[in-house]
Amino acid sequence: GNSERINAELSQLSNIYDGRIIIVDSGLKIVGDTYHTDEGKTLIAPEVIQCFQGHNTDNYDDNAGYLEMTIPIINNVGGSGQEICGIMCVNVSTDSIHSTIEQLKLKLDLLVLIFAVVGVGSLTVVNLVKQKNKRAKEKAEEERRILETPIHDMAQNDLESKYLQK
């Protein structure tokens, strides 16, 4: 019934976040453990006791690479009252998070490189087009000059250039 569904969901959460989830009842007895190694044992930890007193805790240990959290399990009592009937202790490895961050950094570096190559390539193409346009304008100018030169001047220029080259 419900406990199998809850255990399946806890197991799934534990797998997704690469961690361990322990459920402690109001008597500090472990009633659920996604590792199934400490069920039935008593868990006396300052974080658990603080959480029963209404103070959620979270500790991040960068050296060990894990995050610990305690979260109260609230039971609605008649009327508007609530009581803490248990605590969920979550231990999550941050190794997969760090690995994901490193992979994202590599992808970002690759994107920067691609944009740099595309940028340089674009500048090269723009420069080539400018050079080609400059040559085309020079050629058009030369053709226009030739077309505007009177025929007798061209003949004279051609004769002079032939004899002056020798």
Side-chain angles (χ1 to χ4, degrees), residues 2-24 30 32-38 43 45-48 50-51 54-74 86-166:
N2 273 349
S3 75
E4 289 94 23
R5 194 181 93 231
I6 291 171
N7 284 336
E9 287 180 20
L10 289 175
S11 179
Q12 185 177 14
L13 278 173
S14 175
N15 290 332
I16 289 171
Y17 294 109
D18 191 22
R20 180 181 190 182
I21 299 174
I22 296 174
I23 306 295
V24 180
I30 298 173
D33 178 5
T34 54
Y35 284 9
H36 304 291
T37 57
D38 290 333
L43 179 61
E47 296 84 5
V48 173
Q50 287 174 11
C51 197
H55 306 288
N56 297 11
T57 62
D58 55 54
N59 297 312
Y60 173 64
D61 187 338
D62 192 31
N63 293 331
Y66 66 89
L67 174 67
E68 292 181 330
M69 297 181 292
T70 56
I71 304 158
I73 300 170
I74 306 292
I87 304 294
M88 181 167 60
C89 303
V90 181
N91 294 308
V92 180
S93 171
T94 57
D95 290 342
S96 61
I97 295 169
H98 289 295
S99 174
T100 301
I101 289 171
E102 289 304 314
Q103 290 173 3
L104 287 173
K105 284 180 182 177
L106 288 174
K107 288 180 182 179
L108 179 63
D109 290 345
L110 181 62
L111 279 174
V112 168
L113 179 64
I114 289 170
F115 283 124
V117 168
V118 168
V120 168
S122 297
L123 288 175
T124 303
V125 168
V126 166
N127 284 335
L128 290 173
V129 168
K130 283 181 178 179
Q131 288 175 1
K132 187 172 183 176
N133 283 343
K134 183 179 176 186
R135 279 191 236 122
K137 283 180 183 178
E138 289 171 352
K139 186 175 180 182
E141 181 63 28
E142 178 66 21
E143 288 173 355
R144 186 189 57 75
R145 191 182 56 74
I146 290 172
L147 290 174
E148 290 176 355
T149 305
I151 293 176
H152 72 280
D153 288 349
M154 256 202 284
Q156 182 66 32
N157 287 341
D158 284 343
L159 289 172
E160 288 176 1
S161 65
K162 282 183 184 176
Y163 291 109
L164 292 176
Q165 287 177 356
K166 289 185 178 181

[X] [atom1] to [Y] [atom2] distance, which is reported to the nearest 0.5 Å:
{"X": "M69", "Y": "I21", "atom1": "CE", "atom2": "CD1", "answer": "8.5 Å"}
{"X": "I87", "Y": "Q50", "atom1": "CD1", "atom2": "CD", "answer": "10.5 Å"}
{"X": "L123", "Y": "K130", "atom1": "CG", "atom2": "NZ", "answer": "9.0 Å"}
{"X": "D109", "Y": "L104", "atom1": "CG", "atom2": "CG", "answer": "11.0 Å"}
{"X": "D33", "Y": "D38", "atom1": "CG", "atom2": "CG", "answer": "5.0 Å"}
{"X": "K132", "Y": "K139", "atom1": "NZ", "atom2": "NZ", "answer": "10.5 Å"}

Spell out, as yes or no, whether a donor-acceptor pair under 3.5 Å connects the side chain of T70 to the backbone of V48.
no

State, to 0.1 Å, how close [X] and [Y] come at their nearest heavy-atom pair, and which atoms those are.
{"X": "Y60", "Y": "Y66", "result": "CD1-O, 3.6 Å"}
{"X": "V24", "Y": "C89", "result": "CG2-SG, 4.2 Å"}
{"X": "P72", "Y": "N56", "result": "CD-OD1, 3.1 Å"}
{"X": "I23", "Y": "I73", "result": "CG2-CD1, 3.8 Å"}
{"X": "E47", "Y": "T57", "result": "CB-OG1, 3.5 Å"}

Verdict with reasoning, E138 to R135, per salt bridge (Lys or Arg N to Asp or Glu O under 4.0 Å):
CA-CA 5 Å; E138 289 171 352; R135 279 191 236 122; over 6 Å; no

